[in-house]
There are 2 protein chains.
Amino acid sequence: MAEKEISKAVIARLPRYYRYLGELMEDGVERISSNDLSVRMKVTASQIRQDLNNFGGFGQQGYGYNVKYLYTEIAKILGIDRQHNIVIIGAGNLGQAIANYANFEKRGFLIKGMFDINPRLIGLVVRGIEIRSVDDLEQFVRDNDVQIAALTIPKTKAPEIADRLVSAGIKAIWNFAHTDLVVPDDVVVENVHLSESLMRLSYKVCSMQDKAEEEKAEREKGKS
Amino acid sequence: MAEKEISKAVIARLPRYYRYLGELMEDGVERISSNDLSVRMKVTASQIRQDLNNFGGFGQQGYGYNVKYLYTEIAKILGIDRQHNIVIIGAGNLGQAIANYANFEKRGFLIKGMFDINPRLIGLVVRGIEIRSVDDLEQFVRDNDVQIAALTIPKTKAPEIADRLVSAGIKAIWNFAHTDLVVPDDVVVENVHLSESLMRLSYKVCSMQDKAEEEKAEREKGKS
DNA sequence: TAGATTGTTAATCGATTAACAATC
DNA sequence: TAGATTGTTAATCGATTAACAATC
């Protein structure tokens, strides 16, 4: 029963659909057509229908999509209807920012523990979660059925910690360290490389500037 | 002189090339072939050559690429050889995490100011940067030639602040708020939607589990 | 029933990979 | 010169868009 592989691009778009559907629900909207949604989201209606039909027929001809139903179905596809136990390794600002993001719990992500090597942080409590020593990491992961680890530590420490997490049976790493981790095939990695994001922004700013200057030059040439 | 538009996918890969080249430099490697680099980065050599040739011929037949030269050329392309003045709006954990990330300065990103609405934060100093009231935002942006604003505030406040930034002449917004901003065509937005990243991770974990279960079922069927 | 809108097939577009002549 | 490796063209692959019959 080999299911057709879903493309990465489709998966990447699902959370955005989910967000828009959530907002529609809040606004009390009960149904929406692919066309109306495409206008709001600035994508094509065709793409929305193609994307959703990878997972099944959630709509109804002549009616559109039921917002609430589609919302819960996408949640199931993304697996955010189930509970995920998570630990945060690195209790600095970034680690604490993640710990403080309340909505994670609403989506089934339960922060079980935080870890650091800094003795001044160990013992502190953030949002009801005690910061522990990384020495206790493996034991804690095993004892608490932790599937996901958020890695908010410097890149120099990341490979070693990743190895230890893998040996403790972690299923996935949410990697904020500025390096690519090497893990076995059955361990999932999702990278958040903020410095790369900022460089992309830099590129966009510069090419926008270049464009503006070109247009200006064009106008002045026209004048002379 | 309409330059060929560079695809988004290519731009998205440049910072990663830059990172690998930086590491090669640190290791004292002077030159590298597209093939050797492709093995390290787990991409095809063809893609590397195609990507780079969007911007010019940086290599030499029979030799490969000079690491240092390519590194500086990519920096130019990304615009990280120039200085970018930046403000951070929202001085919570996430804003402070960004302020504390030292490498930004090395890449030409200079944090000029931080802003918050919380009176308890206003006046505090983070990494030598005073936290100011958002009341002073527009004036500060104009007076300090600020091009980029990092938005680390709740989504409810984001649209209003974005409007104010635009009216103050900002060129780009690095958006961490969980919403899509509406800005004029000549203002650039780079989104970092952490909750979406976590949902993608969730999907991957679940589909990996499904795969493992399938394989297990397959094995047991084989046995019986 | 008539109108609306999906699900799905076909057409187009773009991105990746392969191949190889050019050339260091 | 011979070997290596690029730059670039051509082939392939995949993703997006368009179109429309199916159907609520």
Side-chain angles (χ1 to χ4, degrees), chain A residues 2-17 20-21 24 29-74 77 200 203-204 207, chain B residues 2-17 20-21 24 29-74 77 200 203-204 207:
Chain A
E3 300 176 21
K4 57 201 173 288
E5 195 68 39
I6 310 292
S7 93
K8 253 185 165 181
V10 174
I11 304 307
R13 285 193 290 267
L14 284 182
R16 188 156 177 264
Y17 293 139
Y20 273 82
L21 289 166
L24 286 167
V29 178
E30 276 184 18
R31 67 173 167 124
I32 192 153
S33 69
S34 58
N35 202 63
D36 287 355
L37 188 58
S38 77
V39 171
R40 282 174 186 258
M41 295 187 64
K42 292 174 184 160
V43 296
T44 63
S46 216
Q47 183 166 73
I48 294 175
R49 293 203 298 277
Q50 284 278 25
D51 282 354
L52 297 178
N53 269 88
N54 279 296
F55 305 98
F58 300 126
Q60 198 167 72
Q61 283 98 329
Y63 174 89
Y65 297 87
N66 179 293
V67 172
K68 205 165 193 170
Y69 173 68
L70 188 53
Y71 182 79
T72 58
E73 286 302 311
I74 293 179
I77 295 166
R200 283 192 283 275
Y203 176 87
K204 288 192 224 168
S207 64
Chain B
E3 301 177 22
K4 56 203 175 287
E5 194 69 38
I6 311 291
S7 93
K8 253 185 165 180
V10 174
I11 304 306
R13 284 192 291 265
L14 285 181
R16 189 156 175 266
Y17 293 138
Y20 274 81
L21 289 165
L24 286 168
V29 178
E30 275 183 19
R31 68 175 166 121
I32 192 153
S33 69
S34 58
N35 202 63
D36 286 354
L37 188 57
S38 77
V39 171
R40 281 172 188 259
M41 296 187 63
K42 291 174 186 164
V43 298
T44 63
S46 216
Q47 182 165 74
I48 292 175
R49 293 202 300 275
Q50 284 278 23
D51 282 355
L52 297 178
N53 271 87
N54 279 295
F55 305 98
F58 301 126
Q60 199 168 72
Q61 283 98 330
Y63 174 88
Y65 298 88
N66 179 293
V67 172
K68 206 165 192 172
Y69 173 69
L70 188 53
Y71 183 78
T72 59
E73 286 303 310
I74 293 180
I77 295 166
R200 283 191 285 273
Y203 176 86
K204 288 192 225 168
S207 63

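Here is the naming used below: chain letters follow the sequence lines, and residue numbers restart at 1 for every chain.
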Quick one: [X] [atom1] to [N] [atom2], roughly how many Å, whole number?
{"X": "Tyr63(B)", "N": "dG7(D)", "atom1": "OH", "atom2": "P", "value": "13 Å"}
{"X": "Phe58(A)", "N": "dT23(D)", "atom1": "CZ", "atom2": "P", "value": "19 Å"}
{"X": "Asn35(A)", "N": "dG7(C)", "atom1": "CG", "atom2": "P", "value": "14 Å"}
{"X": "Gln47(A)", "N": "dG7(C)", "atom1": "CD", "atom2": "C1'", "value": "16 Å"}
{"X": "Gln61(A)", "N": "dA19(D)", "atom1": "CD", "atom2": "P", "value": "20 Å"}
{"X": "Leu52(B)", "N": "dT5(D)", "atom1": "CG", "atom2": "C1'", "value": "14 Å"}
{"X": "Lys8(B)", "N": "dT16(D)", "atom1": "NZ", "atom2": "P", "value": "12 Å"}
{"X": "Leu70(B)", "N": "dT6(D)", "atom1": "CG", "atom2": "P", "value": "11 Å"}

Closest approach to the side chain of [X], judged atom by atom: which nucleotide of [options] is it?
{"X": "Asn53(B)", "options": "dT17(C), dG7(D), dT5(C)", "answer": "dG7(D)"}
{"X": "Ser33(A)", "options": "dT5(D), dA10(C), dT6(C)", "answer": "dT6(C)"}
{"X": "Gln50(B)", "options": "dT9(D), dT5(C), dT16(D)", "answer": "dT9(D)"}

Phosphate OP1/OP2 of [N] contacted by [X] side-chain N/O (<4.0 Å):
{"X": "Arg13(B)", "N": "dT16(C)", "result": "yes"}
{"X": "Ser34(B)", "N": "dT5(D)", "result": "no"}
{"X": "Arg49(B)", "N": "dT6(D)", "result": "yes"}
{"X": "Tyr65(B)", "N": "dG7(D)", "result": "yes"}
{"X": "Thr44(A)", "N": "dT17(D)", "result": "yes"}

Discussion item. For dA4(D), give the paired nucleotide (Watson-Crick: N1-N3 plus N6-O4 or O6-N4; G-U: N1-O2 and O6-N3; both under 3.5 Å), or none.
Written reply: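 The answer is dT23(C), by the H-bond criterion.
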Fill in: Mate of dT17(C) where both pairing distances stay under 3.5 Å, Watson-Crick or G-U
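WC or wobble partner is dA10(D).
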Practice prompt. Given side chain to side chain contact (heavy atoms under 4.5 Å, CB included), test Ile74(A) with Phe55(A) step by step and report yes or no.
Written response: CA-CA 9 Å; Ile74(A) 293 179; Phe55(A) 305 98; over 6 Å; no
Worksheet item: Between the main-chain N or O of Gln47(A) and the side-chain N or O of Arg13(A), is there a donor-acceptor pair closer than 3.5 Å?
Response: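 Not at all, since once roles are kept as given, no pair shorter than 3.5 Å links the two residues.
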Worksheet item: Is a side-chain donor or acceptor of Asp51(A) paired with a backbone partner of Ile48(A) at a separation under 3.5 angstrom?
Response: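 It does not hold such a pair.
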Worksheet item: Are side-chain heavy atoms of Tyr65(B) and Leu21(B) found at a separation under 4.5 Å?
Response: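 No, too far: nothing below the 4.5 Å cut-off.
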Practice prompt. Hey, which sits more toward the 5' end of DNA chain D by its nearest nucleotide, Ser46(A) or Gln60(A)?
Written response: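 Here Ser46(A) is the residue nearer the 5' end.
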Worksheet entry | Interatomic spacing from CG in Leu37(B) to CG in Leu24(B) - rounded to 0.5 Å |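 The CG atom of Leu37(B) sits 6.5 Å away from the CG atom of Leu24(B).
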